[in-house]
Amino acid sequence: MKRFLPLILTILPLALYAQNIAESETHTATPEAHLFATFVKSFDHGLSLTIEEEIRSIPSHRSHTTVGLTYAPIKYLSVYAAYTLKLYGDQGWTDVDKYLRHRANLLVTGQVKLGQWSLSLREGVMLDARCDNVDSREKNAVDFTLRSRLQAVYSIPETPLGIVGKFEILNTLNAPVAYLNFIANSQSPSYGQYINELRPELGLQWKITKQHSLTLSYRYNYMYDRGISVDDTTGDISLTHKYTTKHLILLAYKFGW
């Protein structure tokens, strides 16, 4: 018994440590409005410049300023690369590391026109970079996300109106799960990447002129976030599942030449 006692005392804390993963769930639902103003300047050889300002109402209370380039070598294919400066008003304005974030997108779109229908499939990656310091076991300084979107636009004959339908899926590519799996591998070894957003959208587009358009749409935004919190004193891990539903009204004005 004396020989086995040190072994038992060594294994027991490790076993208890692996067991201390508390899970909880939160559900929130909020309405929100997003306003867009987009300028597009077309150049030769399939190049175009996009400058966009997006304002989000409370509770998000943020703005996105985007500069992007589009290259369309053929009418069926386009490549879009963009940088976005994000300002989080809900974080206050005292610490620039908290209210300032950066985003980059690289998107490839295949498109085809069939009569009154315009169909497109878009795939790409999105990079979101924080400016504040985070615990790498809980959060990433840089998040990578896979974006997939299917879009259909029906142009109503003999009118300047079109019906726009979209469905987008966002999937994590580098969710911080390595530490969680290391601790919980005896009971839950399957933590991995997951779908974190679903975005069905339906709207009406008004082509005011060839260079100007206005789109009003509704988006149902379903978001899931798996949060990890590590207590270094006790060794406990708190795992949360946050489900957020947003009902969004989007108003977008686009112009250019």
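Just so you know, these numbers use all the heavy atoms, side chains as well, and skip hydrogens, waters and symmetry mates.
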Under 3.5 Å side-chain donor-acceptor pair for His247 and Glu32: no
task: Assess Arg199 against Tyr220: is NZ or CZ under 6.0 Å from the centre of the six-membered ring, and within 45 degrees of the ring's axis?
output: no
task: Please state whether the rings of Tyr224 and Tyr194 are parallel, tilted or perpendicular, taking 30° and 60° as the class boundaries.
output: perpendicular
field: Under 3.5 Å: donor-acceptor pair, side chain of Ser60, backbone of Arg62
entry: no
message: Under 4.5 Å between side-chain heavy atoms, counting indirect links through other Ile/Leu/Val/Met/Phe/Trp/Tyr residues: same cluster for Phe144 and Val108 or not?
response: yes
- prompt: Can a donor-acceptor pair be found between the side chains of Asn171 and Gln193 at a distance below 3.5 Å?
  reply: no
- line: Separation between NE2 (His61) and CD1 (Ile55), nearest 0.5 Å, reads 9.0 Å
- request: Would you please test Leu69 and Leu49 for side-chain contact (heavy atoms from CB on, under 4.5 Å) and show each step?
  value: CA-CA 5 Å; Leu69 280 174; Leu49 170 69; 4.2 Å; yes
field: Least distance between heavy atoms, Gly124 atom then Leu146 atom
entry: O-CD1, 3.4 Å
- prompt: Minimum heavy-atom separation for Ser78 to Thr70, with atom names?
  reply: CB-CG2, 4.1 Å
task: May I ask you to test the Ile228-Ile237 pair for a side-chain heavy-atom distance under 4.5 Å?
output: yes
message: Are the side chains of Val79 and Leu106 in contact, using a 4.5 Å heavy-atom criterion?
response: yes
- prompt: Would you call Arg147 and Glu123 a salt bridge, using N to O less than 4.0 angstrom?
  reply: no
task: Determine whether Val177 and Val230 fall in the same hydrophobic cluster, where Ile, Leu, Val, Met, Phe, Trp and Tyr are linked whenever their side-chain heavy atoms lie under 4.5 Å apart.
output: yes
Stepwise salt bridge (Lys or Arg N to Asp or Glu O under 4.0 Å) test for Asp232 and Arg137: CA-CA 11 Å; Asp232 289 320; Arg137 297 171 300 177; 2.8 Å; yes
query: Is it true that Asp128 and Arg103 make a salt bridge, defined as a side-chain N closer than 4.0 Å to a carboxylate O?
result: yes
Heavy-atom closest contact (Ala129 atom, Val142 atom, distance): CB-CG2, 4.1 Å
- prompt: Between Glu201 and Ser217, do the side chains contain an N or O donor and an N or O acceptor separated by less than 3.5 Å?
  reply: yes
message: Check whether Arg226 reaches the backbone of Gly192 with its side chain - one donor and one acceptor, N or O, closer than 3.5 Å.
response: yes
query: Do other residues, nucleotides or ligands put more than 12 heavy atoms under 6.0 Å from His45 NE2?
result: no
- prompt: Looking at OH of Tyr99 and OH of Tyr88, how far apart are the two atoms once the value is rounded to the nearest 0.5 Å?
  reply: 14.5 Å
Nearest-0.5 Å distance, CG of residue Leu35 to CZ of residue Arg56: 11.5 Å
message: With a sphere of 6.0 Å drawn around CD1 of Ile58, does it hold more than 12 non-hydrogen atoms of other residues, nucleotides or ligands?
response: no
statement: OG1 (Thr244) and CE (Met223) are apart, to the nearest 0.5 Å, by 5.0 Å
query: Is it true that Val67 and Met126 fall in one hydrophobic cluster, defined by side-chain heavy atoms closer than 4.5 Å?
result: no
task: Would you please say whether a donor-acceptor pair under 3.5 Å links the side chains of Thr65 and Lys86?
output: no
- request: Decide yes or no on side-chain contact (heavy atoms from CB on, under 4.5 Å) for Lys41 and Trp257, but give the supporting numbers first.
  value: CA-CA 5 Å; Lys41 170 61 177 175; Trp257 59 85; 2.8 Å; yes
- prompt: Just by distance, with hydrogens left out, do Thr84 and Thr66 show a side-chain donor and acceptor under 3.5 Å apart?
  reply: yes
field: Taking every non-hydrogen atom, the tightest pair across Asn196 and Leu170
entry: OD1-O, 2.7 Å
- request: Mind listing the closest non-hydrogen atom pair of Pro176 and Ser136 along with its distance?
  value: CB-O, 4.1 Å
message: Is it the case that over 12 heavy atoms from other parts of the model lie below 6.0 angstrom from the NZ atom of Lys242?
response: no
Side-chain touch Tyr243/Glu25, heavy atoms, less than 4.5 angstrom: yes
- request: Check the side chains of Arg130 and Asn140 for a donor-acceptor pair under 3.5 angstrom, ignoring hydrogens and angles.
  value: no
field: Under 3.5 Å: donor-acceptor pair, side chain of Asp132, backbone of Lys98
entry: no
- request: Using the rule that two of Ile, Leu, Val, Met, Phe, Trp, Tyr join whenever any of their side-chain heavy atoms come within less than 4.5 Å, decide whether Trp206 and Ile156 are in one cluster.
  value: yes
query: Would Leu216 and Val164 show up in the same hydrophobic cluster when neighbours are defined by side-chain heavy atoms closer than 4.5 Å?
result: no
- prompt: Atom OG in Ser63, atom CG in Leu85: separation rounded to 0.5 Å?
  reply: 7.0 Å
- prompt: Between Phe255 and Phe39, does the ring centre distance come in under 6.0 Å?
  reply: yes
Rounded distance [0.5 Å steps], OH in Tyr253 versus CG in Leu214: 8.5 Å
message: Tell me whether Trp93 at atom CH2 has more than 12 heavy atoms from other residues, nucleotides or ligands lying less than 6.0 Å away.
response: yes
query: More than 12 heavy atoms of other residues, nucleotides or ligands under 6.0 Å from NZ of Lys254: is that the case?
result: no
task: Show your working on side-chain contact (heavy atoms from CB on, under 4.5 Å) between Thr145 and Thr172 and close with a plain yes or no.
output: CA-CA 5 Å; Thr145 303; Thr172 64; 5.6 Å; no
- prompt: Given Thr240 and Asp225, is the side-chain contact (heavy atoms from CB on, under 4.5 Å) satisfied, shown in steps?
  reply: CA-CA 8 Å; Thr240 60; Asp225 178 67; 5.6 Å; no
message: Can you confirm whether the side chains of Ser120 and Thr109 place a donor and an acceptor under 3.5 Å from each other?
response: no
message: Atom OH of residue position Tyr76 - does it have more than 12 heavy atoms of other residues, nucleotides or ligands inside 6.0 Å?
response: no
